[in-house]
Amino acid sequence: MSGRTQLHSILILVVSCTVADEVLQFLDIRNAIAGQTVTFHCSFPLFKDKNKIVVHWWKDGEREFLNSRPDPRRRFRVESKASAMLSLLNVRVGDSGVYYCRVQGEFTGNGTGKMLNVSASPHPLKILPKFFANGSLTCLCKTSGFYPADYTIAWQKDGQKIVAGVTTFREKNADGLFEVSSYLHETRPVQIGTIYICEVSHSTLKNPTWVNYTVSSTARKDNIQMRHCVRCSEPIMENPKCKEQAEKLDNAEMPQRNQRVGKVNDTAPKLKKHRKRDKDTTCA
């Protein structure tokens with residue numbers, strides 16, 4: 001065998017041994033949507049005894065192994081003498097990061113690491129209408145919490161795009177996700193049967209998500225005329241017109257009252273039952 005052939009064989013052997021000693025990692029879904037389940041796979045040199053395989057998992061930036069503390073969303077399993085897995089159920093945006101596996105036993109080594117990106121969709125949307133006494137309307141379109149921050153929102157009225165009269169705000173919620181509130185202001189009385197559509201586009205959606213609202217006579221009437229019946233602890237303002245009439249009546253009766261002041265009534269006053277009267281905005 002020539003020296004060149006021997007060198008080639010040695011190189012193949014070295015490469016084979018190096019590859020065999022590596023701990024490799026794979027990820028089934030690299031870019032996940034919140035709510036999905038993702039699985040990390042860890043591949044390592046063949047063990048003789050599966051029961052002696054110890055695999056730890058950790059997330060970059062954290063000081064403890066993931067399987068050192070219980071979490072119902074995490075599943076750990078040694079699949080064979082040469083592989084193990086970590087499944088994350090119902091992933092959240094906060095689960096984004098690089099994950100590593102560490103194998104201990106007959107062989108010890110760290111995995112190559114895999115990056116997980118988790119996004120959240122603005123779906124579902126909801127529309128909340130508010131009518132006013134003059135028949136005008138304000139529609140609020142509100143998204144669910146989403147990530148990343150980029151989005152587009154559009155309004156339609158009976159199939160026609162609306163630009164004027166729209167005010168939109170974006171803010172972060174307690175979970176660190178973005179929420180959008182978009183207000184459509186109709187200053188003129190709206191017609192029954194008018195259809196409003198709120199449409200949102202986002203990187204997590206193949207097609208825009210949308211929600212619609214149709215103006216109905218019942219909804220408009222209930223929204224304007226509905227009142228809450230409660231017992232009021234605050235003083236009720238007196239009708240000014242009634243107050244003016246009461247003052248005139250008092251002035252007219254004043255002389256008669258003054259004439260009766262000096263007379264003393266020896267008999268005990270009769271007790272009158274107090275009858276509760278319903279409030280009336282008209283003057284008695």
Kindly list each side-chain donor-acceptor pair under 3.5 angstrom involving residues 152-162, sequence neighbours excluded, with atom names and distances?
| from | atom 1 | to | atom 2 | distance (Å) |
| --- | --- | --- | --- | --- |
| Trp155 | NE1 | Ser182 | OG | 2.9 |
| Lys157 | NZ | Glu186 | OE2 | 2.9 |
| Asp158 | OD1 | Ile195 | N | 2.9 |

Closest approach of Ser80 to Ile53 (non-hydrogen atoms, all atoms of both residues):
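Taking Ser80 first and Ile53 second, the nearest heavy atoms are O-CD1, 3.6 Å.
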Just jot down the side chain to side chain contact (heavy atoms under 4.5 Å, CB included) partners of [X], sequence neighbours excluded, or say none.
{"X": "Arg188", "value": "none"}
{"X": "Asp71", "value": "Arg73, Arg74"}
{"X": "Glu171", "value": "none"}
{"X": "Thr187", "value": "none"}

Listed once per pair and sorted, the disulfide bond (SG atoms under 2.5 Å apart) pairs that draw on residues 64-118, sequence neighbours left out
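Applying disulfide bond (SG atoms under 2.5 Å apart) to every pair that reaches into residues 64-118, excluding sequence neighbours, yields Cys42-Cys101.
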Please name all residues satisfying ring-ring contact (aromatic ring centres under 6.0 Å, His included) with Phe146, sequence neighbours left out, ordered by chain then number.
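Counting only residues at least two positions away or on another chain, Phe146 forms a ring-ring contact (aromatic ring centres under 6.0 Å, His included) with Tyr151, His202.
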Inter- and intrachain pairs under ring pair (Phe, Tyr, Trp, His ring centres under 6.0 Å), touching residues 84-103, at least two apart
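For residues 84-103, and leaving out neighbouring residues, the ring pair (Phe, Tyr, Trp, His ring centres under 6.0 Å) pairs sorted by first residue read Phe40-Tyr99, Trp58-Tyr100.
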What ring pair (Phe, Tyr, Trp, His ring centres under 6.0 Å) pairs are there with at least one residue in residues 160-198, not counting sequence neighbours?
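Residue pairs with at least one partner in residues 160-198: there are none.
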Using a strict threshold of under 4.0 Å (side-chain N to carboxylate O), is an ion pair present between Glu64 and Lys59?
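Not counted as a salt bridge, because no side-chain N and carboxylate O are separated by less than 4.0 Å.
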Once you find the SG atom in Cys198 and the one in Cys141, is the distance between them below 2.5 Å?
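Yes, because the SG atoms of Cys198 and Cys141 sit under 2.5 Å apart, which meets the disulfide cut-off.
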Filter on side-chain hydrogen bond (donor to acceptor under 3.5 Å, both in side chains), then keep only pairs touching residues 39-53, sequence neighbours left out; what's left?
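Those involving residues 39-53 are Thr39-Ser87.
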Sorted by first residue and then second, give each side-chain hydrogen bond (donor to acceptor under 3.5 Å, both in side chains) pair with at least one member in residues 106-124; sequence neighbours left out.
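Sorted result for residues 106-124: Asn31-Asn117, Arg102-Asn110, His123-Thr209.
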How would you list all residue pairs meeting salt bridge (charged side-chain N to carboxylate O under 4.0 Å, His left out) that involve residues 132-143, not counting sequence neighbours?
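Only Lys142-Glu179 qualify under salt bridge (charged side-chain N to carboxylate O under 4.0 Å, His left out).
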